[in-house]
Each structure stands twice: as C-alpha cells, then as structure tokens.
> 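Below you will find the structure I want to go over with you.
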Amino acid sequence: MHSGLLLSLWFAGVASVQFLAPGVLAWVVAASLALALGFARDRALRLLRRVRVLMFAIVLLFAWFTPGEAMFASWPRLSPSREGMMLALVHGGRLIAVVCAVALLLERLPVERLVGGLYCLSRPFSVIGLRAGDLALRLMLVLRFVEASPRGSATHWKDWLRDAGDDGELQPVRLVRERLGPLDVAVAAALGLLGLAALSWGLPWAA
C-alpha cells in the first residue's frame with residue numbers, strides 16, 4: 001500500500017482517538033499497549049519514558065485543579081477531585097494511545113517510506129510556500145541520526161554535529177516516491193464512502 005495512504009490512515013486513526021467515549025477509549029488504550037509491547041516493545045517503552053513528565057503534568061493539573069467532589073473526604077484540601085481524576089485518565093489514555101501508535105508506525109514503516117509518504121502528502125501545500133522537498137530532506141536526516149544513536153549506545157546524536165575530520169564518503173539521500181496502485185485507489189474510495197456514511201449516520205461510539 002502507498003506510504004502516503006498508510007500515513008493518512010494513521011493520522012485519521014490518531015485523530016479519532018480524541019473523540020472516543022471513555023469506555024471505548026479504555027479498550028483502545030489496552031489494545032494499543034498490547035500491540036506496541038508485542039511488536040515494538042523497545043521503541044514503545046522508550047517513547048513512554050520520554051512522555052512520563054507530560055503524563056505527570058496531566059494528572060497533576062486535571063486531578064488537583066479541577067473543581068468537584070473530593071476523592072478522600074478526610075483530606076478535602078489535599079485530595080484530587082473525582083471529576084478531575086476522570087479527566088486525567090481520559091487525557092492520559094489518549095496520550096498513551098498516540099505514543100503507542102507512533103511506536104508502531106516508526107517500527108513498521110522504514111524511514112525512507114515514512115519520509116516519502118510525508119513528502120507526498122505535503123506537496124499540495126507548495127501553493128502556500130511550503131517546500132516539501134526541503135522538509136522531507138531535513139526530516140530524513142534527523143531520523144537517520146536518531147536511529148544511528150539510540151539510547152545507551154556509544155554514539156550520540158551530538159557527535160554528528162562535530163567535524164571529526166574524516167574523509168569518509170557521505171551516503172546519498174534519496175526520496176522514495178511511490179505510485180498509486182489499483183488497491184490504493186480502491187481502499188481510498190472505500191474509506192471515503194465509509195467516512196461519508198459515518199458523518200451522515202452519526203458516531204454513536206464518540207463522546
């Protein structure tokens with residue numbers, strides 16, 4: 001399947017998480033964690049560690065600064081509110097689902113195809129001055145450096161910014177441009193019809 005279409009489906013899936021009801025969201029978060037830990041365990045754990053401060057801020061701000069009924073009646077001034085805790089769980093769950101989706105995307109879609117798909121999707125924005133080629137080139141270089149220096153390795157990404165003075169040959173950077181096939185057109189048409197039907201019938205699973 002075309003990488004641009006895959007990214008469009010991924011964006012649509014991530015966006016739809018923001019509109020799920022709390023009960024459905026809980027199942028989605030559990031499924032996302034299971035898939036991420038099963039197919040991209042190291043990357044998922046690394047990304048989850050990087051957002052732990054943001055997760056703590058979400059819990060703190062929503063649970064303790066949202067007016068409502070105190071969870072611990074004995075300490076009303078120190079207790080988080082029930083309404084705030086529910087908001088914290090909802091927003092934290094959305095963050096976890098998105099992080100798991102990012103881990104699966106980066107694990108299963110090669111950097112070249114990922115950047116090529118983003119290049120394809122951003123080309124229409126050239127009418128407003130966005131240079132898709134330059135954006136794709138910078139993104140590919142950043143992703144290459146990140147992949148070449150994972151956490152705990154002897155090579156750090158900052159080493160790429162230093163001039164080591166070696167005369168090693170630089171690897172060329174190529175953008176992967178894929179063609180739309182009959183399957184891609186059929187999938188896009190089917191998804192478009194499903195989207196129109198969902199909008200006309202309403203989304204009963206959304207909050």
Side-chain angles (χ1 to χ4, degrees), residues 1-73 76 79-110 113-114 117-118 120-122 143 180 183-207:
M1 189 177 293
H2 193 281
S3 57
L5 181 57
L6 288 174
L7 284 174
S8 299
L9 296 175
W10 184 85
F11 286 130
V14 169
S16 65
V17 171
Q18 310 304 316
F19 303 98
L20 295 178
V24 180
L25 178 63
W27 287 101
V28 171
V29 171
S32 300
L33 279 172
L35 290 173
L37 295 177
F39 297 99
R41 180 181 179 84
D42 293 339
R43 192 184 299 272
L45 292 177
R46 185 164 65 248
L47 292 177
L48 289 172
R49 283 196 298 267
R50 291 177 179 177
V51 299
R52 63 183 182 272
V53 176
L54 179 58
M55 183 67 69
F56 174 77
I58 288 175
V59 174
L60 179 64
L61 292 176
F62 281 101
W64 271 270
F65 290 90
T66 301
E69 180 185 358
M71 293 188 64
F72 306 106
S79 172
S81 65
R82 295 183 184 275
E83 294 80 0
M85 185 60 70
M86 179 58 65
L87 287 175
L89 291 176
V90 169
H91 288 280
R94 289 171 179 169
L95 176 61
I96 292 175
V98 170
V99 169
C100 292
V102 171
L104 289 169
L105 177 69
L106 295 178
E107 188 74 18
R108 295 298 167 178
L109 196 63
R113 292 195 65 202
L114 173 63
L118 290 174
C120 177
L121 294 178
S122 59
L143 290 176
L180 286 173
L183 177 61
D184 300 318
V185 176
V187 171
L191 291 174
L193 293 176
L194 287 175
L196 292 176
L199 290 176
S200 61
W201 296 338
L203 302 177
W205 59 83

> Working to the nearest 0.5 Å, report the span between CG of Leu37 and CG of Leu45.
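CG of Leu45 is found 5.5 Å from CG of Leu37.
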> How long is the span from the CG atom in Leu105 to the CG atom in Leu7, to the nearest 0.5 Å?
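Between atom CG of Leu105 and atom CG of Leu7 there are 6.0 Å.
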> CZ of Arg52 to CE of Met55: how many Å apart, nearest 0.5 Å?
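Taking CZ in Arg52 and CE in Met55, the distance rounds to 12.0 Å.
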> Looking at Val17 and Ala97, what are the two nearest heavy atoms and their distance?
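Looks like CG1-CB, 4.1 Å.
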> Under 3.5 Å, is there a donor-acceptor pair between the side chain of Glu69 and the main chain of Glu83?
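No, Glu69 side chain to Glu83 backbone: no donor-acceptor pair under 3.5 Å.
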> To the nearest 0.5 angstrom, please state how far the OG atom of Ser79 sits from the CH2 atom of Trp64.
8.0 Å
> Taking side chain to side chain donor-acceptor pair (under 3.5 Å) as the test, write out the residues that go with Gln18, two or more places apart.
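Once residues adjacent in sequence are excluded, Gln18 has no partner under the side chain to side chain donor-acceptor pair (under 3.5 Å) criterion.
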> Any idea which heavy atoms bring Leu25 and Val90 closest together, and the distance?
CD2-O, 3.5 Å
> Measuring from Ile96:CD1 to Leu89:CG, what's the distance to the nearest 0.5 Å?
9.5 Å
> Is any side-chain heavy atom of Leu48 less than 4.5 Å from a side-chain heavy atom of Leu33?
yes
> On a heavy-atom basis, which atom in Leu60 and which in Phe65 lie closest, and how many Å separate them?
O-CD1, 3.4 Å
> Nearest 0.5 Å, what's the CD-CG distance between Glu107 and Leu47?
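Going from CD on Glu107 over to CG on Leu47, the span is 10.0 Å.
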> Determine the minimum heavy-atom distance between Ala63 and Ala88, stating which atoms define it.
N-CB, 4.4 Å
> Which atom pair, heavy atoms only, marks the closest approach of Ala36 to Leu104?
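Minimum heavy-atom contact is CA-CD2, 3.9 Å.
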> Taking atom CE of Met86 as the centre, report whether more than 12 heavy atoms of other residues, nucleotides or ligands fall under 6.0 Å from it.
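Counting other residues, nucleotides and ligands, CE of Met86 stays at 12 neighbours or fewer.
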> Does anything in residues 89-108 form a ring pair (Phe, Tyr, Trp, His ring centres under 6.0 Å)? List the pairs, not counting sequence neighbours.
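Found Phe62-His91.
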